[in-house]
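Here's the structure, in structure tokens; my notes come after.
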Amino acid sequence: MSGKPVLHYFNARGRMEAVRWLLAAAGVEFEEKFVTCPEDLEKLKNDGSLMFQQVPMVEIDGMKLAQSRAILNYIATKHNLYGKDMKERALIDMYSEGVADCSEMLMMLPLCPPGEKDAKIAAARDRAANRYLPAFEKVLKSHRQDYLVGNKLSKADIHLVELLYYIEEFDASLLASFPLLKVSSPTALKTRVSNLPNVKKFLQPGSQRKPPVDEKTLAEARKLFKF
């Protein structure tokens, strides 16, 4: 295994999209081998490629890495997106975990039973507006620097901007009260990161960025992963 990283996952966002974002932001070209049917997944399991019998899995630098956080941390370390010391890495991890918590809520909404969906949507809207977005706005306001940690781009910034795009799709009004995150100006994190050449390229049509989940994609995922 050498050359470009190879991403093994379903052809959708899910838990691989943060990996796609991070590789793209680092300027790393990657290949994708989509799991399109149960047989594809079984083959990966049977040949020993999936340590815990599940995807996402990334072939990189002679390894077959499983578990999303392990994959992301390796990429971030390799491409200098993980702070300069232990304290910065602790902050980057803390912010990244907050992003992951909020992202998880949004990711799971399409899977909610109809009778629970309205309550789950209301909870996601409340927590985004009153827990997660204020926390990140406060961090940026407290130090008035360009990025969350050490005034240098890190994986936390990339994960947060990915989340901001998801929130914009979900309910753009939630971002209105957070000018350091969203407002289209040079001082907003979303604008700053989106204009980085590698990220800007990834945001263009035709890139390996995945669209929002639709009913067809959801039906295919249910059939593949049997949930």
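All values below were derived from every heavy atom in this structure, side-chain atoms included, with hydrogens, water molecules and symmetry-related copies excluded. None of the values given here were measured: they were computed from a predicted structure.
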Among K4, R20, R209, the one residue meeting salt bridge (charged side-chain N to carboxylate O under 4.0 Å, His left out) with E32: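 Single pass found, and it is R20.
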
Qualifying residue for salt bridge (charged side-chain N to carboxylate O under 4.0 Å, His left out) with K190, from E162, E137, E168: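 That would be E168; it is the only one of E162, E137, E168 passing the salt bridge (charged side-chain N to carboxylate O under 4.0 Å, His left out) with K190.
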
Nearest heavy atoms of [X] and [Y], plus distance in Å:
X: V58; Y: P5; result: CG1-CB, 4.3 Å
X: L224; Y: P38; result: CD1-N, 3.4 Å
X: N198; Y: A25; result: ND2-O, 3.3 Å
X: S207; Y: K201; result: CB-O, 3.9 Å
X: I92; Y: G83; result: CD1-N, 3.4 Å
X: V161; Y: V193; result: CG2-CB, 3.6 Å

Worked verdict on S96 versus D93 for side chain to side chain donor-acceptor pair (under 3.5 Å): CA-CA 5 Å; S96 296; D93 283 339; 5.4 Å; no

Enclosure of [X] [atom1] (heavy-atom neighbours >12, cutoff 6.0 Å):
X: K120; atom1: NZ; answer: no
X: Q204; atom1: CD; answer: yes
X: K138; atom1: NZ; answer: no

Lys/Arg cation over aromatic Y166: R13, 6.0 Å, 45° cone: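 Pair R13/Y166 does not count as cation-pi.
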
Would you say the side chain of [Y] lies within less than 4.5 Å of the side chain of [X], judging by non-hydrogen atoms?
X: Y9; Y: E17; result: no
X: L81; Y: L153; result: yes
X: L133; Y: L164; result: yes
X: P56; Y: V19; result: no
X: D214; Y: T217; result: yes
X: M57; Y: S49; result: yes
X: I71; Y: L22; result: no

Looking at [atom1] of [X] and [atom2] of [Y], how far apart are the two atoms once the value is rounded to the nearest 0.5 Å?
X: L65; Y: L72; atom1: CG; atom2: CG; answer: 10.5 Å
X: T36; Y: E220; atom1: OG1; atom2: CD; answer: 9.5 Å
X: Q208; Y: M16; atom1: CD; atom2: CE; answer: 11.0 Å
X: R192; Y: D146; atom1: CZ; atom2: CG; answer: 4.0 Å
X: D40; Y: K45; atom1: CG; atom2: NZ; answer: 12.0 Å
X: K117; Y: L109; atom1: NZ; atom2: CG; answer: 7.0 Å

Would you say [Y] ends up clustered with [X] if hydrophobic residues are merged whenever their side chains have heavy atoms under 4.5 Å apart, either directly or through other cluster members?
X: M107; Y: Y132; result: no
X: F34; Y: F30; result: no
X: Y82; Y: M63; result: yes

D101 and R127 ion-paired at < 4.0 Å: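 Not counted as a salt bridge, because no side-chain N and carboxylate O are separated by less than 4.0 Å.
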
Between the main-chain N or O of [Y] and the side-chain N or O of [X], is there a donor-acceptor pair closer than 3.5 Å?
X: K155; Y: I75; answer: no
X: T191; Y: V183; answer: yes
X: H143; Y: L148; answer: yes
X: E88; Y: K84; answer: yes

Parallel, tilted or perpendicular, as decided by the 30° and 60° cut-offs, for the rings of Y165 and W21: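 The rings of W21 and Y165 sit tilted, inter-plane angle from 30° to 60°.
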
